[in-house]
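Taking it in order: structure first as C-alpha cells, then the write-up.
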Amino acid sequence: MITTHIDGAVGTITLNHEAKRNALSERLVDAVIAALAEFTRQEVRCAVLRAASGVKVWSAGHDVSELPEGGLDPLGWRDPLRHLIRELENFPAPIIALIEGSVWGGACETVLACDLIVATPEASFAATPAKHSVPYNVSGLLTFLNAAHIHIAKEMLFTAQPIPASRLERMGIINHVAAAGEIDAFTYDMARTIAGNAPLSISVMKEQLRILAGAHTMSPQDFERIQGLRRVVYNSQDYSEGIRAFKEKRKPRFEGR
Ligand code: LCV
C-alpha cells in the first residue's frame with residue numbers, strides 16, 4: 001500500500017497502490033497512520049507525503065467501493081478519510097505534500113490538510129463530491145475553507161473540475177511549483193531546513209494553528225440542521241446513483257431527488 005523511509009530527521013511516506021490509483025482505502029489509510037505513529041516514535045521532525053516519482057495519478061481519493069450505497073453517512077467520524085485527515089493535522093511535525101499527477105476527491109482534502117504543498121506544474125486537483133452526489137462533511141469543508149478563498153473553494157467544489165497546480169500556486173493555496181526534475185531536491189531541501197529548526201517550537205505552533213483554524217462557533221441547532229440536510233443527500237436517489245454509476249463505470253444521471 002505504501003513504502004516508508006527515514007533519512008536523518010526527515011521521514012517519507014510514498015503511496016504505492018498503483019493498481020487502484022492510490023485510492024484512500026481503509027487498508028492504505030491504516031498503513032499511512034501506522035507510518036506516522038512510527039515517525040513520531042523515531043522523532044521525525046519533518047515528513048514528506050508523496051506518490052512514486054512520475055506518477056500520473058497521485059491519489060484517486062476515497063475508495064468509492066468502501067462508501068455506503070445509501071442510508072448511512074459516507075463521511076462519518078470513523079470513515080478512513082476522516083481518520084486520516086485528523087492524524088495528519090495531529091502529527092507533531094510539519095508534513096510536506098509532494099504532488100505529481102492528478103489528485104481527486106478526498107485526496108484533495110488530504111493534500112490541503114498537510115502543512116505545505118509542493119507540486120509539479122502538470123499536477124491537478126479535482127474536488128469531486130458534486131460528481132458523486134456526496135454530502136461532504138463540515139470539518140472537511142473547513143479544510144477547503146482554511147486553505148482557499150471561499151470563491152475558489154466553491155469553484156473547486158461546485159465544478160468538480162481538475163484545477164492546475166500553477167493556478168492554485170498563484171492563489172497561495174500551493175506553496176511552490178517545481179519542475180518534475182527538480183521537485184525532489186526542492187522538497188527535501190525545505191524538509192531538511194524545517195528539521196534543522198527547533199522541533200518543540202514548530203510542533204506547538206502547528207498545534208496552535210490547528211486549534212485556531214478550527215475555532216468556529218456553531219450552535220447545536222445549526223449543527224443538527226446541517227446533519228439533517230446531509231442526511232437528505234445521502235438518502236437520495238442521486239447519491240445511490242452516483243455510487244452505482246462509478247461502479248458501473250458510466251456517467252451518473254442526477255434527477256435532484
Ligand atoms: C476505488 C478506484 C478509484 C476510487 N475508488 O484508471 O470527494 S468525494 O466526496 O467525491 C469522496 C467521496 C471521494 O474522494 O470520492 C472519490 C473521488 N474520486 C474520483 O472521482 C476519481 C475516480 N477515478 C477516476 O476518475 C480514474 O480512476 C482516474 C482519472 C483517477 C484514473 O483513471 P485511469 O484510467 O488511469 P482507471 O479508472 O482504469 O482505474 C484503475 C483502477 O482503479 C480503480 C478503478 O475502479 C480501476 O479498478 P479496476 O482495474 O478494478 O477496474 N479506482 C480508480 N479510482 N476513487 N477504486
Side-chain angles (χ1 to χ4, degrees), residues 1 15-32 49 51-52 54-85 88 97 99-114 119 122-145 147-148 152-165 226-227 229-236 238-254:
M1 290 286 154
L15 306 181
N16 190 36
H17 192 204
E18 166 61 22
K20 290 288 184 187
R21 303 299 183 268
N22 293 330
L24 301 176
S25 61
E26 186 162 11
R27 274 186 64 211
L28 185 143
V29 166
D30 286 349
V32 172
L49 180 62
V55 74
K56 288 276 173 289
V57 178
W58 193 85
S59 170
H62 199 299
D63 184 330
V64 176
S65 68
E66 294 182 354
L67 287 171
E69 297 217 347
L72 290 173
D73 188 337
L75 294 172
W77 178 261
R78 296 178 53 79
D79 173 82
L81 172 64
R82 303 316 326 150
H83 191 188
L84 174 62
I85 298 293
L88 294 171
I99 310 298
E100 296 180 81
S102 55
V103 184
W104 302 83
C108 282
E109 188 195 350
T110 300
V111 172
L112 295 176
C114 291
E122 301 76 23
S124 65
F125 299 79
T128 54
K131 218 170 89 173
H132 304 288
S133 187
V134 166
Y136 220 71
N137 65 305
V138 179
S139 66
L141 290 179
L142 187 57
T143 305
F144 283 91
L145 210 45
I152 304 305
K154 285 180 176 178
E155 180 183 341
M156 291 181 81
L157 291 161
F158 297 167
T159 67
Q161 291 303 303
I163 297 187
I226 286 172
Q227 288 301 82
L229 292 171
R230 294 186 61 245
R231 193 172 303 116
V232 169
V233 178
Y234 63 73
N235 279 338
S236 68
D238 277 0
Y239 173 81
S240 303
E241 162 65 6
I243 301 292
R244 258 197 319 271
F246 178 83
K247 290 178 177 175
E248 295 165 9
K249 297 185 187 289
R250 61 174 172 79
K251 192 168 167 40
R253 288 177 300 280
F254 294 130

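Note that ligands are numbered from 1 as they come in the structure, with each ligand's atoms numbered from 1 the same way. Note that the numbering runs from 1 along the sequence shown for the chain.
Screening residues 66-81 for salt bridge (charged side-chain N to carboxylate O under 4.0 Å, His left out), with sequence neighbours left out, gives E69-K247, D73-R230.
Note: L142 CG to Y136 OH = 12.0 Å, rounded to the nearest 0.5 Å.
Of all non-hydrogen atoms in L88 and C114, the two that sit nearest each other are CD1-SG, 4.4 Å.
The closest side-chain donor-acceptor pair between D238 and S236, if any, does not fall under 3.5 angstrom.
Using a cutoff of 4.0 Å between basic side-chain nitrogens and carboxylate oxygens, E241 and K251 are not scored as salt-bridged.
Counting non-hydrogen atoms of neighbouring residues, nucleotides and ligands closer than 6.0 angstrom, the CZ atom of R244 exceeds 12 such neighbours.
A heavy-atom cutoff of 4.0 Å around ligand 1 is satisfied by the protein residues A19, K20, R21, A23, V57, A60, G61, H62, D63, V64, L67, W104, G105, G106, T128, P129, K131, H132, V134, Y136, F246, K249.
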